[in-house]
Chemist: 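Before I ask anything, let me first share the structure, which is written out below as structure tokens.
Scope of the values below: all heavy atoms of this structure, side chains included, with no hydrogens, waters or symmetry mates. Whatever order the structure lists them in is the order used to number ligands and atoms, beginning at 1.
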Amino acid sequence: MEKLIIGSHVSFTKEEGLLGSVKEALSYKENTFMFYTGAPQNTVRGKIDEEKTNEAIQLMKENNIDINDVIIHAPYIVNLANNKDIDKFNFAVNFLKQELQRAQTLGIKKIVLHPGSHVGLGVKEGLNNIINGLNLVLDEEKGPIICLETMAGKGTELGKTFEEIKTIIDGVKNNQRLLVCLDTCHLNDAGYDVTNFDNLLKEFDKIIGLNKIGCIHINDSKNEKGAHKDRHENIGLGKIGFENLIKIIYSKNLKEVPKILETPYISMDGGKDRTYPPYKFEIEMIKNKIYNPKLLEDIRNYYKKS
Ligand code: FE
Ligand code: FE
Ligand code: ZN
């Protein structure tokens with residue numbers, strides 16, 4: 001069997017904590033996963049339950065999930081690029097420091113972070129703010145790693161080119177604690193040709209270095225290359241397509257890199273009241289390397305019964 005480290009975004013609840021996340025990942029037959037330590041859109045965080053965490057670590061061991069492959073995603077409202085309101089900037093820095101602490105408590109080594117949006121300050125100043133922020137967050141030589149995510153370039157988002165990410169890495173003193181998270185939807189929307197992934201990796205290697213890839217988000221995209229939209233689509237149903245995503249997932253250079261799905265939940269009838277996770281069925285397609293044209297139907301039938 002080919003080595004494949006694959007998982008999806010899962011929940012992390014106040015009640016169950018990491019144990020609930022592991023159980024959810026296992027229910028989709030995953031061997032890694034990613035979660036927010038609370039709501040993605042706010043910074044309210046609870047205390048971590050030590051007993052539940054130990055149980056989770058035990059369950060991971062029993063099921064061959066390497067905790068080194070597990071990822072935390074920082075909340076997307078944290079914006080290190082904006083220092084217009086210095087209190088907000090300092091809050092973001094402190095939040096990230098606490099997030100690193102939480103990661104350490106849970107035994108997790110990697111946190112994915114959106115670099116930030118410059119909100120009109122300009123690219124240069126925005127990148128500078130990110131660098132200053134990260135130097136404050138990563139003031140110690142050792143500790144969990146931050147994976148800077150490549151962005152779609154929606155609005156004033158930074159990190160939409162390899163060059164911008166490289167500028168950030170070069171500006172951070174303890175950049176041994178920085179890696180990169182490639183997001184296939186974001187790369188496509190930013191204007192990169194993900195259908196020629198070998199070529200894309202060559203370019204990444206030239207600018208940043210292949211050894212700096214810490215995580216990959218596997219998403220199809222609702223939009224054409226260069227759309228700067230950032231709207232994820234289910235595997236095989238978007239503009240990137242199943243064959244191209246399979247090539248990326250099984251790329252020889254990325255065997256050791258955890259791959260995480262962040263594809264949209266499915267509704268029963270197109271309504272938005274209740275939606276269901278697609279991951280169990282997308283993971284199955286990926287493992288089989290065979291596209292399932294009845295993907296949505298199968299997901300709906302499965303959750304209808306349960
Ligand atoms: Fe993200
Ligand atoms: Fe992503
Ligand atoms: Zn996205």
Chemist: The test is salt bridge (Lys or Arg N to Asp or Glu O under 4.0 Å); show your working for Lys166 and Asp170 and say whether it passes.
Modeler: CA-CA 6 Å; Lys166 167 74 171 163; Asp170 284 346; 3.2 Å; yes

Chemist: Would you check if there is a donor-acceptor pair between the side chains of Asp193 and Asn199 at a distance under 3.5 Å?
Modeler: no

Chemist: Is the number of heavy atoms from other residues, nucleotides or ligands under 6.0 Å of Gln41 CD greater than 12?
Modeler: yes

Chemist: Can you check salt bridge (Lys or Arg N to Asp or Glu O under 4.0 Å) on Glu15 and Lys52, steps first, answer last?
Modeler: CA-CA 9 Å; Glu15 297 74 34; Lys52 283 267 191 308; over 6 Å; no

Chemist: State whether the side chain of Asn234 and the backbone N or O of Leu237 hold a donor-acceptor pair below 3.5 Å, judged by distance alone.
Modeler: no

Chemist: Report yes or no: does Thr184 contribute a side-chain atom to a donor-acceptor pair with the main-chain N or O of Asn219 at less than 3.5 Å?
Modeler: yes

Chemist: Aromatic contact between Tyr279 and His9, with the criterion being ring centroids under 6.0 Å apart: yes or no?
Modeler: no

Chemist: Could you pull out the N/O/S protein atoms under 2.8 Å of the Fe ion (ligand 2), ignoring any water?
Modeler: Glu149 OE2, Asp183 OD2, His217 ND1, Glu262 OE1

Chemist: Checking one value in my table: which N/O/S atom of His114 lies closest to the Fe ion (ligand 1)?
Modeler: NE2

Chemist: N/O/S of Cys185 less than 2.8 Å from the Zn ion (ligand 3)?
Modeler: no

Chemist: If I take the Zn ion (ligand 3) as the centre, what angle separates the NE2 atom of His232 from the OD1 atom of Asp230? Nearest 10 degrees is fine.
Modeler: 90°

